[in-house]
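Structure record follows, encoded as structure tokens.
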Amino acid sequence: MISADHSCLTLFNCCRSLTSVKQIHAHLSKIGLDVDPLIAGKLILQCCTAISASLALTYAHRFFGCLKAPNTFMYNTLIRGYSESQSPGCSFELFNQLNRNSGCSGSPPRPDSFSFAFVLKAAANMSSFRAGSQLHCQAFLHGLDAHLFVGTTLISMYAECGRGNSARRVFDEMPQPNVVAWNAMLTACFRCSDLEDARALFERMPFKNSASFNVQISGFMKAGKVESARSVFNSLGLKDDVTWNTMIVGFAQNSYFDEALMYFRDMLHMGIRPTEVSLIGVLSACADAGMLVSTKILHGFVEKSWFLENISVRNALLDAYSKCGDVGMARSVFDHMTVDRNVISWTCMISGLAMYGRVNEAIQLFYEMEESGVQPDRITFISILYACSHAGLIEQGHSYFSKMKDVYGLDPGIEHYGCMVDLYGRAGKLAEAYKFVSQMPIEPTDTIWRTLLGACSIHGNVHLAQRAREKLMVLDPNNSSDRVLLSNIYAVIGQWKDVAAIRNSMSTERMKKDPGWSMIEVDKLAYKFTAGRNYSGFTQEAYEKLGEIMSRLKEGGGYVPEVKSVLHDIEDEEKEGSVALHSEKLAVAFGLKRLHKSKTIHVMKNLRICKDCHEFMKIVSQLYDVDIVVRDRSRFHSFKDGSCSCKDYW
DNA sequence: TTAGGGTTAG
């Protein structure tokens, strides 16, 4: 072999794609240098860390397999690569291989503290207590369980598996835990929902750093204790970027959308450089709140910033546009991506199109994704199955469901089974839906039965609805919407005694349903409307306009209120009057009054739109020559020239 | 040339 010239190692540092790694590899292979341990190690490292896409991992693994004597470093790098990939199980296989070798004669590679740290991370990512505790035993046998880094990873692994006591035992046995180990234990307390333990541990900490406070803030935010998080934040003198990000993300997670935006602005004013996490956090707030104007402002910021080519920020932006009702802008962000799209980019776009009923485009995109070499994952399949179910494409949905396992080796999860029940149920194939549920290899959850109940409600199947309801009474007895749904089914077929019985049981048990509300953004301000009569402030304006619209609609639009909808929608609205007072109608009336005529009216509703409102929107869009986009609990309805993008299938 | 704790979108 030619003596190795290690100066070529630096060549790999510039590789950001598998293609460039392959080019250098081909060159080195010609001169026999690629098997040099240092060079081979660097090649594997580059594939697993700098690129880390599944194709790069496979390439590195295949190359590794051709080496005569891979060393521990190479094993560790691959174990690390797989631990954060879609197939963390491969980390275990490699680790076991390394562990078996170590018993052989000669000086075979043996697992070291790095190997344990990486493979434990795989167990944590899979939340596999069984694998994690077996690895703990192995670490003990190798005399590495007391190693500070291994011990800290063990604490995190147990926390991730929800085993606070095991984490505590590892921590208590550490001879000299440092601040990182204390922080890991603090995180474990919060992860296992032990707020009191977390508070006590925090008081006992002999040393604290910025991460300790950030763990506390994040722990409180995840537990919904926004004010506790805020008071920790306010007590801090020095706040780093992670502290600010933790607040922004925490606010977004707790639906404090305006505050997420406010803290992002404050962060900029304080001269703290936002990171991709700040942008993802604030954009997710915009997405959830449906704040289109703010999304556009943030888009402008991104275009002028160092995030221009950041794939995660681009994905968050595209998702925000699609959830704010501007799927055209989402598509434009997607089409103009200058960096390689990843599985999340494709999935967001597919799901965005599906939510709009643009199902053919979603299916086309799925095909293009496969062609581009990006592998769909579990969430991509949820999106494409959702697309099929919302368009009544039973055959196609079924073929995607099979493809998941047959082509991509992905076992369908409960969400995929849910999509299939919805696919059959929505299309009125209730017998098939029930048969599918009965034959599921995993235990049907309350959501599955609720999906079936929803389908029975659309298609008026009382017999099956009762069966679904019986299951729900066991799995989730206190769910008010299930009872309302069943009472609606009875109401439609005129079984008033049963309706009354359900209503009485609900009032005896003091059950309250979710009140319906709709929101509209006008001049950067959000206005929220609830159903029922409430004549104050801006609502008065909405009522007046709605009255005017109603008269015009009845005169010239051929609008007849859909009385049945009252029954169908009882679950979704505080019913105080009639369908005329539904919150989405008020929001649209307000939009017509306040917004410029050329603008699209965007309304967001927390529940599903009812049939009557759907009809109302169609006629208004035509009579007033205005585009209306309504985002409801499950999808978008885009009304234009008297028809809706959902083609009335919803 | 590889680690452990804090924030990350579908």
Which side-chain N or O atoms in residues 164-181 of chain A pair as donor and acceptor under 3.5 Å with protein atoms at least two apart or in another chain?
| residue | atom | partner | partner atom | Å |
| --- | --- | --- | --- | --- |
| N178(A) | OD1 | V180(A) | N | 3.2 |
| N178(A) | OD1 | A181(A) | N | 3.0 |

Is there any salt bridge (Lys or Arg N to Asp or Glu O under 4.0 Å) pair reaching into residues 232-241 of chain A, and which pairs are they, with sequence neighbours excluded? none
Describe the nucleic acid contact of R191(A) in one word from base, sugar-phosphate, nothing, applying a heavy-atom distance below 4.0 Å. sugar-phosphate
Taking ring pair (Phe, Tyr, Trp, His ring centres under 6.0 Å) as the definition, give me every residue that meets it alongside H136(A), ordered by chain and number, with sequence neighbours left out. Y158(A)
Name all pairs fulfilling the salt bridge (Lys or Arg N to Asp or Glu O under 4.0 Å) condition that reach into residues 144-162 of chain A, sequence neighbours left out, sorted by first residue then second. E160(A)-R191(A)
For chain A, the stretch of DNA chain B it reaches, first to last nucleotide, under 4.0 Å of its heavy atoms: dT1(B) to dG10(B)
Determine the contact category for T187(A): base if any of its heavy atoms lies under 4.0 Å from a base atom, sugar-phosphate if only primed atoms, P, OP1 or OP2 are that close, otherwise nothing. sugar-phosphate
Contacts of S345(A) meeting side-chain contact (heavy atoms from CB on, under 4.5 Å) (sequence neighbours excluded), chain-then-number -> I311(A), N315(A), F334(A), M337(A), R341(A), N342(A)
What does V242(A) touch in the nucleic acid at a heavy-atom separation under 4.0 angstrom: a base, only the sugar-phosphate, or nothing? base
Which residues pass the side-chain contact (heavy atoms from CB on, under 4.5 Å) test with V293(A), not counting sequence neighbours? I297(A), E521(A), K524(A)
Sequence neighbours excluded, every pair satisfying salt bridge (Lys or Arg N to Asp or Glu O under 4.0 Å) that has a member inside residues 248-269 of chain A: R230(A)-E259(A)
DNA chain B contacts made by residues 146-167 of chain A, counting heavy atoms under 4.0 Å: H147(A), L148(A), F149(A), T152(A), T153(A), S156(A)
Could you check whether N178(A) gets within reach of a base, just the sugar-phosphate, or nothing at all, counting any heavy atom under 4.0 Å? base
Once you measure the plane-to-plane angle for Y356(A) and F636(A), does it fall in the parallel (<30°), tilted (30-60°) or perpendicular (>60°) bin? parallel
Sugar-phosphate only, base, or nothing, as touched by F118(A) at under 4.0 Å among non-hydrogen atoms: base
Can you sort out the partners of E309(A) under side-chain contact (heavy atoms from CB on, under 4.5 Å), two or more places apart, ordered by chain and number? T338(A), V339(A)
Tell me if the aromatic rings of F114(A) and F73(A) count as close, with their centers under 6.0 Å from one another. no
For DNA chain B, what residues of residues 60-79 of chain A have any heavy atom nearer than 4.0 Å? F73(A), N76(A)
With a 4.0 Å cut-off on heavy atoms, is S210(A) in touch with a base, just the backbone sugar-phosphate, or nothing at all? base
E84(A): what forms a side-chain contact (heavy atoms from CB on, under 4.5 Å) with it, not counting sequence neighbours? K121(A), N125(A)
Would you classify K222(A) as touching base, sugar-phosphate or nothing, given that sugar-phosphate means primed atoms plus P, OP1 and OP2, and contacts are heavy atoms under 4.0 Å? sugar-phosphate
Heavy atoms under 4.0 Å, any strand shown: does S212(A) hit a base, just sugar-phosphate, or nothing? nothing
